[in-house]
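None of these values were measured; they are calculated from a predicted model. Proteins get letters first, then strands, A, B, ... in listed order; numbering begins at 1 in each.
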There are 2 protein chains.
Amino acid sequence: MHPIPTIKDVALAAGVSIGTASKALNGQGQLRDETRRRVRAVAEELGYQPNDLAQSLHRKRTFMVGLISTDNYGRFSMPLLEGIEHALGTAELSVFLCNAADDSERERRHVASLLSKRVDGIIVTANRTDPRPPLDLLGSRVPVLYALARVPDDSALCLVPDDAQGARLAAEHLVGLGRRRIAHVTGPRDYEVVGLRQEAVREVLVAAGLAFPERRVLSGPWRATWGRAAAERLLSTDPDIDAVFCGSDEIALGLTGALRERGVRVPDDIAVVGFDNWEIIAEATVPPLTSVDMRLRDLGHEAATALLGLIDGERRQGVHRLPCDLVVRASSGAAGGAS
Amino acid sequence: MHPIPTIKDVALAAGVSIGTASKALNGQGQLRDETRRRVRAVAEELGYQPNDLAQSLHRKRTFMVGLISTDNYGRFSMPLLEGIEHALGTAELSVFLCNAADDSERERRHVASLLSKRVDGIIVTANRTDPRPPLDLLGSRVPVLYALARVPDDSALCLVPDDAQGARLAAEHLVGLGRRRIAHVTGPRDYEVVGLRQEAVREVLVAAGLAFPERRVLSGPWRATWGRAAAERLLSTDPDIDAVFCGSDEIALGLTGALRERGVRVPDDIAVVGFDNWEIIAEATVPPLTSVDMRLRDLGHEAATALLGLIDGERRQGVHRLPCDLVVRASSGAAGGAS
DNA sequence: TTGTAGGCGTTATCAA
DNA sequence: TTGATAACGCCTACAA
C-alpha cells in the first residue's frame, strides 16, 4: 500500500466501476444500499482519501484562499489570523500564508503563486490602516478583501477598526469619571489613526466644555520609552493634568511606570487609558490598564466571512469601520475596575 | 477574457497544438525558436498562468506544506512562522496554515484536509517543548517535523531551543560579572524547561563555587505580576542577593519594576537577566533588559530546511536542540551594555 | 519540428 | 442499479 490509494483502487477492491465508486462515496445517484456500504467499507479499510487537487480541477472551486500579510507578523496579525483562520476553517476553507514583508516584488510572486493555485479569494492584511497600493491581481478577477488595511480604490472592500469611535470611548470614559484636564500621548503624526483619534478626543472634550490645547497632544514613537519621556514632559510643562489617554498600551506602560516613580498616584492623581488592549502589557502595567480593544479577532472573523460573500458573488465595497470596545481595568479609576 | 486562459487557449491563439504549447512554455523538447517565442508571446499576452493543481496532479509533488500550530498563535509563533515561511518561500513552497488550538479533533480534520491536498510535508509547532502526542497521520507517510514541540516517538524529528545552554549563558554572564548570590525566578514546575534551566544554573554556580539553595528558586506563573510578587519575596527573605535570572521577560519586567519602586538599583544592587528576548518587553524594561534569545526565527528557518530534507528522502530523527544567544543590555550591568 | 494519444484522480452525463 | 465516456488542465512518450 505504498502508493496512496485512489478511487480506482477502491473500485477495484470493491468490484465495481470507478463511476459507481464515486457515486457511492459522494452519495450521488441511485445505488443499491448494499453496494454503497460495501464501497464505503472498502474505502475506509484502504484509508482512501479523495484527492482534493483532482476534485478542484473539476469543480470550479478550490476551497483555498490566500492570506497576504505585508507586515512581519506583528502583534496585530495574530488575533487577526486567528479570526480569519477560525471563520474560514469552519467553512472548510484552507488558508495559504504569504508574508510579503512590504516587498512588492515578493508580493507579486505570492499573488502569481496563489493565482496558479486557483485560490477562491485573497485577504490582504497590514499593520496600519493608511492607504497602500492595491494588490496587483495580474489581470485576474479573484475576490480580494483588505483587513486592517486600506487602498485608495473605491471599488475595493476594506475592513478596519473604527479608531475614532474607539478614541471617543476612551475620552468619554475619562470625562464620565470627572477628569477635566486630559492629555493625549500618541504615535507619529504620519499615521492616519493618530489624526483620527486626536480629532475624536477633541470633539468629546469640546462637547463636554473642556479644553484640549495643542500642548496636551504629545506625538512620538509607539514605544514604552516614549511614554516615559512624555510623562516627564507632562509633569514639567502641564503638571495639573488629571488623565492621559495613550495611543498604545506600550506607551501607557512606560508612562505609568514613570509617573509612579515620580510619586504620582495612578489613577488617583492621574488616570491612564491605553489603546490596543494587549493583555500582556495591560496586565503588566501597575495598576492594570484600562484600554481600547480593536477587537481584531472579530475583525478577522468578519473579514473572512465577508470574503466568503464576495466569493459567492456579493458586491460589497468601500471602507467599513468596525467598532472598538473599552476594557476597563484599574488604571482609570472606574468603580469596580480593580481587575 | 472572463474565463482564465488555459494552455488550450494559448495553443489555439498561437496556432499550434497543445503539446507543442506545453513544450514551448516549459523549454522541453525540440522546437523551432520562432515557435517557442511565438507561443510564449501569446501566453504572456493572454496572461496565461499554468494551473498548479493540474500540474501537481501528475508530478508527484505539490510544493505545498501544512503548518499545524497547537497554540493560539501565541507570542512564539510569530518569529517561528516568519522563519518557516521565509525558508519555504524561497524554496517556492506554499504554506497551509492550520490552527489546531490544542483540540485533537480539529487537528485530525486538519491533517485529513492536508492529506487530501497531498501536501509534501507537515510542520507541527507548539508553544512548549513538553512531549505532546504524535500527529496522527491517518496511515499516510508524509514527512513530519516538530518545531518548538516534542513527541515521545524516537523516530520523529524535533527541533527545540537548547534551554539548558541558554540558561547557562545567562548564569555564566552573571557569574562573570562578579555576582555571587543569584536567584532564579521562573515558571511553573510542570514545564520541562523550568527543570532544565534550573539544573543548568545550578551546574554553573556549583562549578563557580557558589551556593544555590532551594529558596533562591522561585516558581510561579509566566507573568509580570508574578515577577513583582517574587521581588517582594526575595527582598524580604533573601535581601542580600545580587542578581536574578528570570524565566521570562515578562517576569523580569515585573520584577525589575517592583525592585525599582522599592529603591533597589538595577543593575547596581541587583542585576537582572530575562529569557525570551522579547524586544518590546526587554526595551520597555528600565533599564533595558539583558535576555536570552531562543532565536526562534532561525529555528523556524532550520525547521523548514530540515523538512525539505525529509521530503527529499533524508532520514534525520531525534530531538535536536538549537543554541540560544544572550543579548546584553543594561540590566545586567555589563560594560557597554547601556543599549 | 510538430501533433497525437494516454494518463494524473475525480465527477457527471448518458447508456445499458 | 450500474458501467462507459468525456471532461477538468496539464505533461510526456511516441508517432508523424
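- At the phosphate of C:dA12, neither OP1 nor OP2 sits under 4.0 Å from any side-chain N or O atom of A:Lys60.
- Here D:dC10 presents its P atom at 10 Å from CG of B:Leu53, a figure rounded to the nearest Å.
- In this structure, A:Asp52 places its CG atom 11 Å from C1' of C:dG9, rounding to the nearest Å.
- If you measure from atom CG of A:Leu25 to atom C1' of C:dA12, you get 15 Å, rounded to the nearest angstrom.
- Between the CG atom of B:Asp9 and the P atom of D:dC8 there is a distance of 11 Å, rounded to whole Å.
- Between A:Ser22 and C:dT10, a side-chain N or O to OP1/OP2 separation shorter than 4.0 Å is absent.
- In the set D:dC11, C:dT11, C:dG9, C:dT11 carries the atom at the smallest distance from any side-chain atom of A:Asn26.
- In this structure, B:Asn51 atom CG and D:dC8 atom C1' are separated by 9 Å, rounded to whole Å.
- Residues B:Thr6 and B:Asn51 bring no donor and acceptor atom of their side chains to less than 3.5 Å of each other.
- Of all heavy-atom pairs spanning B:Pro161 and B:Met294, the tightest one is CG-SD, 3.9 Å.
- Nearest to the side chain of B:Arg118, among C:dC8, C:dT10, D:dT12, sits C:dT10.
- Note: A:Ser113 OG to B:Leu93 CG = 10.0 Å, rounded to the nearest 0.5 Å.
- Between A:Leu145 atom CG and A:Ile122 atom CD1 the span is 11.0 Å, to the nearest 0.5 Å.
- Residue A:Ile7 contributes atom CD1, which lies 6 Å from atom P of C:dT10 at whole-angstrom precision.
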Tabulated below should be each protein N or O lying under 3.5 Å from an N or O of nucleotides 1-3 of chain C; please produce it.
{"from": "C:dT2", "atom 1": "OP1", "to": "B:Arg32", "atom 2": "NE", "distance (Å)": "3.3"}
{"from": "C:dT2", "atom 1": "OP1", "to": "B:Arg32", "atom 2": "NH2", "distance (Å)": "2.8"}
{"from": "C:dT2", "atom 1": "OP1", "to": "B:Thr35", "atom 2": "OG1", "distance (Å)": "2.6"}
{"from": "C:dT2", "atom 1": "OP2", "to": "B:Arg32", "atom 2": "N", "distance (Å)": "2.8"}
{"from": "C:dT2", "atom 1": "OP2", "to": "B:Thr35", "atom 2": "OG1", "distance (Å)": "3.0"}
{"from": "C:dG3", "atom 1": "OP2", "to": "B:Ser17", "atom 2": "N", "distance (Å)": "2.9"}
{"from": "C:dG3", "atom 1": "OP2", "to": "B:Ser17", "atom 2": "OG", "distance (Å)": "3.4"}
{"from": "C:dG3", "atom 1": "OP2", "to": "B:Thr20", "atom 2": "OG1", "distance (Å)": "2.7"}
{"from": "C:dG3", "atom 1": "N7", "to": "B:Lys23", "atom 2": "NZ", "distance (Å)": "3.4"}
{"from": "C:dG3", "atom 1": "O6", "to": "B:Lys23", "atom 2": "NZ", "distance (Å)": "2.4"}

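- As a whole-Å value, the separation of B:Leu46 CG from D:dG9 P is 14 Å.
- Annotation: side chain of B:Thr129 is in contact with side chain of B:Leu148 (closest heavy-atom distance under 4.5 Å).
- For the atom pair CG of A:Leu157 and CZ of A:Arg316, the computed distance is 5.5 Å after rounding to the nearest 0.5 Å.
- Side chain of A:Asp130 to main chain of A:Glu192: a donor-acceptor pair is present (N/O by atom type, distance under 3.5 Å, no hydrogens or angles).
- Summary for the helix from C:dT1-D:dA16 to C:dA16-D:dT1: the axes at its two ends, each from 5 pairs, differ by 60° when rounded to the nearest 10 degrees.
- Relative ring orientation between A:Phe96 and B:Phe96 is described as parallel, the plane-to-plane angle staying below 30° on a 0-90° scale split at 30° and 60°.
- No donor-acceptor pair closer than 3.5 Å links the side chain of A:Asp312 to the backbone N or O of A:Gly309.
- Within the nucleic acid shown, A:Thr6 comes within 4.0 Å of sugar-phosphate atoms alone, with no base atom in reach, counting heavy atoms only.
- In this model, the phosphate group of D:dC11 is not approached by any side-chain N or O of B:Gln28 to a distance below 4.0 Å at OP1 or OP2.
- Between A:Leu57 atom CG and D:dC10 atom P the separation is 8 Å, expressed in whole Å.
- OP1 or OP2 of D:dC11 has at least one side-chain nitrogen or oxygen of B:Gln55 nearer than 4.0 Å.
- Just one of A:Arg59, A:Arg141, A:Arg61 meets the salt bridge (Lys or Arg N to Asp or Glu O under 4.0 Å) condition when paired with A:Asp120; it is A:Arg61.
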